[in-house]
Amino acid sequence: MGAKSSSVRRNPSPRSRGGISQCNVPVNSIDDDGSKFSKEISFVYWRPDNGHVGSTAVFEVNLFCKNKEPYTMTPMDMFRCEVASAQTSIPVVTEPRRENMAGCKKTTVSFNPTVAGEYCITVAMNGHNVGGEVYRRIYKPGPLDPLKTIGGQNEIFITKVDECQTIMMIPRDRFGNVIQLINNSITVEIKRKTNKEMCIFESNINSNFDSCEICWKLHEGGHFFGSILYNSSVLLKQFEVICLNDHAAIEVDRNVCSMTASYSAQLLSPKSKTVIITLTPRVSH
């Protein structure tokens, strides 16, 4: 995940270690008389975002004194911000990215969440949490990505009239987060290969938190191509269907069962010897 930070004063970028930016600034405690930095009055303002992964989240840290005047950081102050996914506990961003934030009265931090779920944001000044708390934000999965969706790809179905078939899918966004689809937004289309006309069929769709099950059956025989749409966009590209009526099913069963295949094999028990294996296929019903 990428991140950037800006403030009212720009300073040189620090060294980067292990993918986490870190600034070595001496720690200075709050003045003994308590008249300067106030963690209670200082606050974090979140800029509006869409609440989904893949979008940039931005917040401003505003520093104040106890007398409600803006607090200006000194070279002895230590400001630190950490953003981590609660699901992975992996830091998303650690700020500041400058050697010295002296002279800053506020700073802006941004990060790009890619893992759906809760994020914990800690903003500290001299070891004290700004606003006196750890902030939490929840980000939902992004838009559906058919290329990341698992299951149902390149399917070829050989079925019979009024025989139920099932397609199982795990819908995901471009980051691999699982998405729960809305049932009435899913459409099944099955058309004849020859004239592209819609055939007679029925379908039942059941979508839960981590998967989507689509059951369907044709009421007429023939050669068809089908697809599954979500909000009018292609979710599952073209799959092929060969549907047999009763007469065709009997003929296929007879033709398949008349075929045999033989091969030699080594029988190891009770003693090694060569045998001939003959297979006769059957059509499952």
Side-chain angles (χ1 to χ4, degrees), residues 50 52-54 116 140-263 265 276-285:
N50 62 16
H52 291 79
V53 299
K140 300 177 182 179
L144 176 69
D145 187 342
L147 297 178
K148 293 289 186 178
T149 296
I150 298 176
Q153 303 296 331
N154 302 319
E155 293 279 7
I156 299 178
F157 295 91
I158 299 178
T159 183
K160 300 177 183 179
V161 173
D162 293 330
E163 183 177 73
C164 185
Q165 297 291 331
T166 302
I167 297 177
M168 291 290 299
M169 295 183 294
I170 302 178
R172 297 179 183 270
D173 64 14
R174 65 189 178 100
F175 302 107
N177 298 295
V178 178
I179 301 173
Q180 182 173 2
L181 302 181
I182 302 173
N183 285 355
N184 57 14
S185 296
I186 303 173
T187 305
V188 180
E189 290 186 351
I190 302 179
K191 300 179 180 181
R192 286 191 172 275
K193 181 182 179 181
T194 52
N195 54 19
K196 309 300 182 183
E197 291 182 356
M198 292 288 289
C199 69
I200 303 173
F201 72 98
E202 62 180 276
S203 62
N204 181 46
I205 300 170
N206 181 28
S207 179
N208 53 39
F209 174 73
D210 58 358
S211 64
C212 178
E213 181 183 76
I214 300 175
C215 299
W216 55 272
K217 60 182 176 181
L218 298 177
H219 297 313
E220 57 181 305
H223 192 183
F224 308 92
F225 285 106
S227 60
I228 298 174
L229 308 179
Y230 185 69
N231 289 331
S232 300
S233 298
V234 176
L235 170 58
L236 175 60
K237 291 186 177 181
Q238 199 172 76
F239 57 90
E240 188 174 4
V241 182
I242 298 174
C243 186
L244 307 175
N245 56 31
D246 291 340
H247 176 72
I250 293 172
E251 289 299 316
V252 170
D253 194 4
R254 181 185 299 116
N255 292 336
V256 171
C257 293
S258 65
M259 300 173 58
T260 57
S262 301
Y263 64 94
I276 301 298
I277 305 296
T278 301
L279 299 179
T280 300
R282 292 287 187 271
V283 177
S284 61
H285 297 283

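For the single chain, residues carry numbers from 1 onward in sequence order.
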Asn245, CG: over 12 other non-hydrogen atoms inside 6.0 angstrom
yes
State, to 0.1 Å, how close Met169 and Pro171 come at their nearest heavy-atom pair, and which atoms those are.
O-CD, 3.6 Å
Do the non-hydrogen side-chain atoms of Trp216 and Val241 ever get within less than 4.5 Å of each other?
yes
Validation row: His219, Asp162 side chains within 4.5 angstrom (heavy atoms)
yes
Inter-residue atom distance Glu189.CD - Gln238.CD, 0.5 Å rounding:
11.0 Å
Measure the spacing between CG of Leu236 and CD1 of Ile214 and express it to the nearest 0.5 Å.
7.5 Å
Minimum side-chain heavy-atom gap Ile228-Ile186 below 4.5 Å
yes
Looking at every heavy atom in both Cys199 and Leu218, which two are closest together, and how far apart are they?
SG-CD2, 3.5 Å
Taking C-beta and beyond as the side chain, do Phe225 and Lys191 meet within less than 4.5 Å on heavy atoms?
no
Can you give me the closest heavy-atom contact between Glu220 and Ile200, atom names plus distance?
OE2-N, 2.7 Å
Atom of Arg174, atom of Lys148 and distance for their closest heavy-atom approach
O-CE, 3.3 Å
Over all atoms of both residues, closest heavy-atom pair of Asn177 and Ala116:
OD1-N, 3.0 Å
Sequence neighbours excluded - ring-ring contact (aromatic ring centres under 6.0 Å, His included) pairs with any residue from residues 180-207:
none
List for me each residue that meets ring pair (Phe, Tyr, Trp, His ring centres under 6.0 Å) alongside Phe175, sequence neighbours excluded, and say none if there are none.
none
Could you check Val234 against Leu229 for side-chain contact (heavy atoms from CB on, under 4.5 Å), going step by step and ending with a plain yes or no?
CA-CA 4 Å; Val234 176; Leu229 308 179; 3.8 Å; yes
Which atom of Gln180 lies closest to which atom of Ser207, heavy atoms considered
NE2-O, 4.0 Å
Any non-hydrogen side-chain atom of Thr159 less than 4.5 Å from a side-chain atom of Ile242?
no
Quick one: does Tyr230's side chain get under 4.5 Å of Ile182's, heavy atoms only?
yes
Exactly one of Asp173, Ile170, Leu235 should register a side chain to side chain contact (heavy atoms under 4.5 Å, CB included) with Thr149. Which one does?
Leu235
Within the 4.5 Å heavy-atom criterion, are Cys215 and Glu213 side-chain neighbours or not?
yes
Does a side-chain heavy-atom distance below 4.5 Å link Glu163 with Lys217?
no
Take atom CD1 in Ile158; do more than 12 heavy atoms of anything else shown fall under 6.0 Å from it?
no
